[in-house]
Participant: 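Here it is, the structure in full.
Worth saying up front: this structure is predicted, and the values here are computed from it rather than measured. Start at 1 with the first residue, then count along the sequence.
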Amino acid sequence: MSKDICIVGILVENRASHAPEVQQVLTKYGSQIISRSGIPDPTRERGIITLTVQATENETKSMVNDLSHLDGVTAKSFCLVEAMQ
């Protein structure tokens with residue numbers, strides 16, 4: 001199966017209470033994560049995490065699904081290889 005380069009954007013509301021759950025999911029998919037960048041928004045108690053992943057389509061969908069099922073978390077992905085085809 002081919003592995004695509006994808007960007008995953010994650011918005012975490014009330015990050016102080018949801019961060020441990022988000023970290024568990026990211027650890028689960030750690031071998032697919034190439035880079036991670038986080039921007040806290042202290043005035044709104046939320047944070048934005050941007051991931052670059054190299055994964056199969058199913059792995060990326062599974063990660064986004066696991067993240068999206070967490071309370072206060074929104075996750076979306078964009079795969080560059082799919083966009084160029």
Participant: May I ask you to decide if Val73's main-chain N or O and His18's side chain share a donor-acceptor pair within less than 3.5 Å?
Facilitator: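 Pair absent, no side-chain N/O of His18 close to backbone of Val73.
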Participant: Look up atom CD in Gln24 and atom CG in Leu70, then write down how far apart they are to the nearest 0.5 Å.
Facilitator: 8.5 Å
Participant: Could you give the distance from SG (Cys6) to NZ (Lys76), rounded to the nearest 0.5 Å?
Facilitator: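 Rounded to the nearest 0.5 Å, the SG-NZ separation comes to 15.0 Å.
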Participant: For the atom pair CD (Glu13) and CG (Asp71), what is the distance rounded to the nearest 0.5 Å?
Facilitator: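 One finds 12.0 Å between CD of Glu13 and CG of Asp71.
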Participant: If you look at every heavy atom in Ser68 and Ala75, which pair is closest and at what distance?
Facilitator: OG-O, 3.5 Å
Participant: Applying side chain to side chain donor-acceptor pair (under 3.5 Å), can you list everything that pairs with Thr74, at least two apart in sequence or on another chain?
Facilitator: none
Participant: Decide yes or no for Asn58 and Thr60: does some side-chain heavy atom of the first lie under 4.5 Å from some side-chain heavy atom of the second?
Facilitator: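 No; the side chains remain at least 4.5 Å from each other.
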Participant: Any non-hydrogen side-chain atom of Lys28 less than 4.5 Å from a side-chain atom of Met63?
Facilitator: no
Participant: Roughly how far, to the nearest 0.5 Å, is NZ of Lys3 from SG of Cys79?
Facilitator: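 So the gap between those two atoms works out to 13.0 Å.
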Participant: Side-chain contact, heavy-atom cut-off 4.5 Å: Leu26 with Leu51?
Facilitator: yes
Participant: Please determine whether residues Phe78 and Leu67 belong to a single hydrophobic cluster, defined as Ile, Leu, Val, Met, Phe, Trp and Tyr linked transitively by side-chain heavy-atom distances below 4.5 Å.
Facilitator: no
Participant: Report yes or no: do Ile49 and Leu11 belong to one cluster of Ile/Leu/Val/Met/Phe/Trp/Tyr joined by side chain heavy-atom distances under 4.5 Å?
Facilitator: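 Hydrophobic grouping puts Ile49 apart from Leu11.
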Participant: Report whether Ile48 and Ile7 are members of the same hydrophobic cluster (ILVMFWY, side-chain heavy atoms less than 4.5 Å apart, transitive linking).
Facilitator: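 Each belongs to a different hydrophobic cluster.
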Participant: Answer yes or no: is there a side-chain heavy-atom contact under 4.5 Å between Thr56 and Asp4?
Facilitator: no
Participant: Kindly indicate whether the side chain of Val8, heavy atoms from C-beta on, has any atom under 4.5 Å from the side chain of Ile33.
Facilitator: no
Participant: Near Gln54 CD, under 6.0 Å, is it more than 12 heavy atoms from other residues, nucleotides or ligands?
Facilitator: yes
Participant: Decide whether Ser17 and Asn14 meet the rule of one side-chain donor and one side-chain acceptor closer than 3.5 Å.
Facilitator: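 Judged by distance alone, the side chains do pair up.
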Participant: Take Arg46 and Arg15 through the side-chain contact (heavy atoms from CB on, under 4.5 Å) test and state the conclusion after the steps.
Facilitator: CA-CA 5 Å; Arg46 66 180 180 185; Arg15 64 186 172 87; 5.7 Å; no
